[in-house]
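Some notes on the structure that comes next.
Lettering follows sequence order; numbering is per chain, from 1. Only heavy atoms go into these numbers, but all of them, side chains included; no hydrogens, no water, no symmetry mates.
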Number of protein chains: 2
Amino acid sequence: MENIREIVQTMTRRIGLLNKNCCSIDGIDISVAQSHILYEISRHRQPSIQQIAELLGLDVTTFSRQVQTLVEAELVRKTPYPDDRRIQILSLTEKGESINRYIDEVMGSYYQDIFSHMTTFEQETVIRSLMLLNEAMAKTKQCCNPMGS
Amino acid sequence: MENIREIVQTMTRRIGLLNKNCCSIDGIDISVAQSHILYEISRHRQPSIQQIAELLGLDVTTFSRQVQTLVEAELVRKTPYPDDRRIQILSLTEKGESINRYIDEVMGSYYQDIFSHMTTFEQETVIRSLMLLNEAMAKTKQCCNPMGS
DNA sequence: CCTCTTTATTTGCATTTTGCAAGTATGAGC
DNA sequence: GCTCATACTTGCAAAATGCAAATAAAGAGG
């Protein structure tokens with residue numbers, strides 16, 4: 001079997017650079033981390049702080065502060081959840097939506113660019129493969145949470 | 001076309017968690033970033049500081065300090081390059097090699113675990129697809145191109 | 001050999017990010 | 001009510017970051 005670690009490492013590094021680019025264009029002045037937060041908030045129904053933090057693999061305290069910054073920048077809104085007022089529901093403001101939409105477009109065009117170097121068949125195969133890999137990783141909880149820790 | 005950004009984001013997040021785990025086991029006390037540095041140094045012939053920094057998409061000044069830390073931890077060696085003594089060649093010490101080898105084994109077993117949830121055919125398809133994606137990204141000058149690898 | 005420019009790396013410093021511990025606020029069970 | 005669990009925030013101190021400037025070694029032109 002080929003050296004998977006190397007292949008994956010190369011891939012994630014390149015994707016990382018891709019992500020970096022997305023946020024340093026035009027007048028947009030947010031970090032990569034922040035762009036991911038906007039993205040995740042936009043994709044979930046009434047997400048709480050803890051949910052998104054866990055999703056992103058971040059410490060809750062760190063994330064709480066990042067949210068604070070985004071609230072101050074008027075990109076994100078915190079709304080107490082009526083049924084349990086300890087919980088803060090996150091949502092995007094109009095401005096947050098707009099920036100998120102714009103970044104999404106830019107990222108989309110990057111990916112389109114990348115995929116334009118493949119045949120239609122290859123494109124489909126690659127996408128199916130990534131989904132397959134995702135599923136396989138989802139099934140492998142034990143490797144991501146070793147008991148010895 | 002499926003939402004590629006979402007698929008890729010999910011994938012890289014999971015890989016990120018995988019990487020995080022690798023370094024907090026046994027008596028090993030290095031960060032994820034450091035493990036990647038060891039890995040890249042081990043995979044290149046006589047790499048300079050600048051080369052690895054660029055490869056990892058890091059600011060040279062930041063990387064210079066990270067190297068310093070690793071030198072102090074006796075995992076990495078800096079050797080002036082004879083033909084141009086401004087350049088520092090990076091290499092792993094015996095201890096650095098050993099830790100890198102160990103992490104590599106652990107990561108390898110993680111990947112083996114993940115791939116065990118697929119058929120042999122799927123495994124091959126996925127690996128070929130990742131390589132294909134890498135090549136496609138390499139061709140896309142616009143965004144994601146570190147040298148080498 | 002002496003300057004001027006370029007390149008590779010380091011250092012100073014100020015800002016940002018991080019995460020643990022401890023805090024506040026709310027909810028649930030008895 | 002009292003106690004415990006949960007969701008989030010804050011205090012701090014350590015670490016990571018990046019720009020500007022310093023150092024150090026080449027290289028070019030005279």
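Taking atom CD1 of A:I89 as the reference point, atom C1' of D:dA7 lies 11 Å away to the nearest angstrom. Taking atom CG on B:L70 and atom C1' on D:dA16, their separation rounds to 14 Å, with Å as the unit. Per the geometry, CD belonging to A:E54 stands 15 Å off C1' belonging to D:dC8, to the nearest Å. As a whole-Å value, the separation of B:F63 CZ from D:dT17 P is 12 Å. We find that CD of A:Q46 is positioned 16 Å from P of D:dA7, with the value rounded to whole Å. For the pair B:Q34 CD and D:dA15 C1', the computed distance is 11 Å after rounding to whole Å. Here the P atom of nucleotide D:dT6 and the CD1 atom of A:I49 are 18 Å apart, to the nearest Å. Rounded to an integer number of Å, the gap from A:Q68 CD to D:dG11 P is 12 Å.
Where DNA chain C meets chain B (any atom under 4.0 Å from a heavy atom), the bounding nucleotides read 5' to 3' are C:dT6 to C:dC13.
In this view, A:D59 satisfies the salt bridge (Lys or Arg N to Asp or Glu O under 4.0 Å) rule with no residue, not counting sequence neighbours. Under the rule for a side chain to side chain contact (heavy atoms under 4.5 Å, CB included), the partners of A:V32 that lie at least two apart in sequence or sit in another chain are A:N19, A:K20, A:S35, A:H36.
Toward the 5′ end of DNA chain C lies the nearest nucleotide of B:Q50, the other residue of the pair A:L58 and B:Q50 mapping further downstream.
Contact of the B:R128 side chain with the A:T125 side chain is not registered, since no non-hydrogen atoms from C-beta on lie closer than 4.5 Å. Between A:S48 and A:Q88 the shortest side-chain heavy-atom distance does not fall below 4.5 Å. Contact check for B:M107 versus A:Q9: no side-chain heavy atoms found under the 4.5 Å cut-off. Within the 4.5 Å cutoff, the side chain of A:L75 has heavy atoms near those of the A:I30 side chain.
Hydrophobic cluster membership for B:I89: B:Y81, B:I87 (Ile, Leu, Val, Met, Phe, Trp, Tyr linked by side-chain heavy atoms under 4.5 Å, directly or transitively).
Panel note: side chain A:D113, backbone B:T140; no donor-acceptor pair is recorded below 3.5 Å. A donor-acceptor pair under 3.5 Å is formed between the side chain of A:R13 and the backbone N or O of B:L55. The backbone N or O of A:E6 lies less than 3.5 Å from a partner atom in the side chain of A:T10, making a donor-acceptor pair. A donor-acceptor pair under 3.5 Å links the side-chain atoms of A:Q123 to the main chain of A:F115, judged by distance alone.
Contacts between residues 37-45 of chain A and DNA chain D, counted as heavy-atom distances below 4.0 Å, involve no residue at all.
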Return the polar atom pairs (N/O with N/O) between nucleotides 20-26 of chain D and the protein under 3.5 Å, or none.
unit_1 : atom_1 : unit_2 : atom_2 : d
D:dA26 : OP1    : B:R85  : N      : 2.8

